[in-house]
Asker: 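Handing you this structure, nothing more for now.
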2 protein chains.
Amino acid sequence: MRTLKYAILGLLNNEPMTGYDIGKEFSKDLGEFWNAKHSQIYPELKKLFDEGLIVYEIQISGEILEKKMYSITEEGKEAFLKWLKQAEPLEPTPKDVFRLRMYFSNHLDVPTRIHLLEHQLLQHQERLQHLRKNNERHQSIPPHDSVDFGDYFILDGAILRETVTIQWLENFIQYCKSL
Amino acid sequence: MRTLKYAILGLLNNEPMTGYDIGKEFSKDLGEFWNAKHSQIYPELKKLFDEGLIVYEIQISGEILEKKMYSITEEGKEAFLKWLKQAEPLEPTPKDVFRLRMYFSNHLDVPTRIHLLEHQLLQHQERLQHLRKNNERHQSIPPHDSVDFGDYFILDGAILRETVTIQWLENFIQYCKSL
DNA sequence: TTAGGACATATAAATACATACATGTTTATA
DNA sequence: TATAAACATGTATGTATTTATATGTCCTAA
């Protein structure tokens with residue numbers, strides 16, 4: 001599917017950046033739904049360059065440090081927009097180790113079960129708080145054609161997702177405590 | 001992390017089955033949170049056998065068709081239970097191509113955006129219906145130490161997840177239509 | 001009785017991803 | 001002015017996963 005390809009093209013379609021910058025983007029809100037390590041990013045950038053979808057310009061930081069500032073080509077924009085417009089069949093639901101564990105939870109004694117659930121709950125509460133904090137940035141819905149719109153959109157989705165996960169966990173903790 | 005290893009051990013901990021059966025399990029409710037193709041299952045079974053965590057008995061179906069009925073060993077049970085009890089740090093949030101696409105949605109004209117959202121919505125509605133149908137099997141919460149408990153638990157989570165995804169999509173469709 | 005779908009197992013090849021190795025420079029701050 | 005954190009780019013190796021290739025048998029329904 002080459003999804004990373006399009007993630008990178010999409011970022012470069014907004015503004016030129018370095019491989020390092022792309023890695024940083026993946027640690028922000030976008031990282032809630034897509035990410036890659038630099039060991040995947042740099043080879044992919046080379047590939048996209050070979051395909052003529054991006055170009056770069058070497059910039060000097062300080063005295064000698066070279067960085068490659070990548071930007072998207074016309075061909076790259078076309079490829080990106082073609083991908084962006086595509087309506088695709090639903091992907092298989094994403095893997096989730098914790099839920100796999102809970103699938104087998106009948107083999108756990110009740111206190112251990114509660115402990116695992118509460119441990120998970122705490123972490124989701126922290127993530128939710130973090131997401132809400134990020135969301136404060138948006139005072140209202142950003143203009144639909146601004147770069148911020150997508151960020152607002154998926155942050156909203158991430159917050160809903162965490163909220164419902166927390167509900168689910170709390171629900172089952174309560175049930176287990178009633179046993 | 002060898003998660004597939006534990007998914008398989010967990011299934012065999014419930015009852016002996018063949019590689020083919022394991023594949024079928026991954027196409028049921030469990031598949032909402034973990035799955036693997038047979039090309040991954042068979043080599044993993046060989047590996048688990050080499051590690052002494054499972055054994056098999058050859059059974060004949062019909063006249064000649066051999067099938068390997070796998071069952072878990074004591075060592076396998078121990079390994080499985082040890083894994084099951086572990087409280088682990090939150091995994092990174094799962095990748096989601098559609099949300100990645102929507103992150104870049106400011107580059108789409110509004111009708112295309114609505115079309116993509118509605119296409120996605122329809123598919124999630126179908127999945128939700130399918131999950132609800134599966135859930136009818138459970139008249140009430142199964143006993144906490146029965147094999148059905150985990151199934152009920154994660155089905156409930158899957159239904160909540162789809163419900164909130166649909167809410168999110170409907171919300172944004174409405175917003176886009178107001179533009 | 002025959003054809004199609006389900007049952008059954010396996011390997012090969014390619015892609016995707018994570019972890020580790022490798023090597024530096026620049027900037028802010030203590 | 002030293003030092004730690006952030007900036008910056010790459011490769012190597014191993015693991016995980018998907019898609020394709022390969023080869024059958026068994027069962028059910030028309």
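A note on names: the letters A, B, ... follow the listed sequences, proteins ahead of strands, and every chain is numbered from 1. All values below come from the heavy atoms of this structure, side chains included, with hydrogens, waters and symmetry mates left out.
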Asker: Could you state the atom-to-atom distance from OH of B:Y42 to C1' of C:dA12 in whole Å?
Answerer: 17 Å

Asker: Starting at NZ of B:K47 and ending at C1' of C:dA10, how long is that distance when rounded to a whole Å?
Answerer: 17 Å

Asker: Check whether any side-chain nitrogen or oxygen of B:K46 sits under 4.0 Å from OP1 or OP2 of C:dT11, and answer yes or no.
Answerer: yes

Asker: In Å and rounded to the nearest 0.5 Å, what is the CZ to CG distance from A:F98 to B:L90?
Answerer: 9.5 Å

Asker: To the nearest 10 degrees, how far apart in direction are the end axes of the helix from C:dT1-D:dA30 to C:dA30-D:dT1, each fit to five base pairs?
Answerer: 40°

Asker: So if I define the base as every atom that isn't primed, P, OP1 or OP2, how would nucleotides 18-30 of chain D read as a B/S/- string at a heavy-atom cutoff under 4.0 Å?
Answerer: BBB----SS----

Asker: How many angstroms lie between CZ in A:F104 and CZ in B:F80, if you round to the nearest 0.5 Å?
Answerer: 5.0 Å

Asker: Please state whether the phosphate of C:dA16, meaning OP1 or OP2, lies under 4.0 angstrom from any side-chain nitrogen or oxygen of A:T3.
Answerer: no

Asker: Taking CE from B:M69 and P from C:dC7, how many angstroms apart are they, rounded to a whole number?
Answerer: 13 Å

Asker: Rounded to whole Å, please give me the gap between CD in B:Q59 and P in C:dC7.
Answerer: 16 Å

Asker: With sequence neighbours left out, write down each residue that passes ring pair (Phe, Tyr, Trp, His ring centres under 6.0 Å) with A:Y175, or none if nothing qualifies.
Answerer: none

Asker: Apply ring pair (Phe, Tyr, Trp, His ring centres under 6.0 Å) to B:Y42 and list each qualifying residue two or more places apart in sequence or on a separate chain.
Answerer: none

Asker: Kindly check if the number of other-residue, nucleotide or ligand heavy atoms within 6.0 Å of CD (A:Q59) is above 12?
Answerer: yes

Asker: Between C1' on C:dA10 and CD1 on B:I22, what's the gap in Å once rounded to a whole number?
Answerer: 15 Å

Asker: Using a distance-only test with no angle check, is there a side-chain donor-acceptor pair under 3.5 angstrom linking B:N14 and A:H107?
Answerer: yes

Asker: Applying salt bridge (Lys or Arg N to Asp or Glu O under 4.0 Å), run through B:E32 and B:R161 and close with a yes or a no.
Answerer: CA-CA 11 Å; B:E32 285 297 316; B:R161 186 182 59 182; 3.2 Å; yes

Asker: Report the distance from atom NZ of B:K68 to atom C1' of C:dC7, rounded to the nearest whole Å.
Answerer: 16 Å

Asker: How close or far is atom C1' of C:dT26 from atom CG of A:D21, stated in whole angstroms?
Answerer: 15 Å

Asker: For C:dT9, does OP1 or OP2 lie under 4.0 Å from any side-chain N or O of B:Y20?
Answerer: no

Asker: Would you please name every residue forming a side-chain hydrogen bond (donor to acceptor under 3.5 Å, both in side chains) with A:E88, sequence neighbours left out?
Answerer: B:R101

Asker: Between B:R2 (CZ) and C:dC17 (P), how many Å, whole number?
Answerer: 21 Å

Asker: Between B:K5 and D:dA16, is there a side-chain N or O to OP1/OP2 distance below 4.0 Å?
Answerer: no

Asker: Would you please name every residue forming a ring pair (Phe, Tyr, Trp, His ring centres under 6.0 Å) with A:H138, sequence neighbours left out?
Answerer: A:Y152

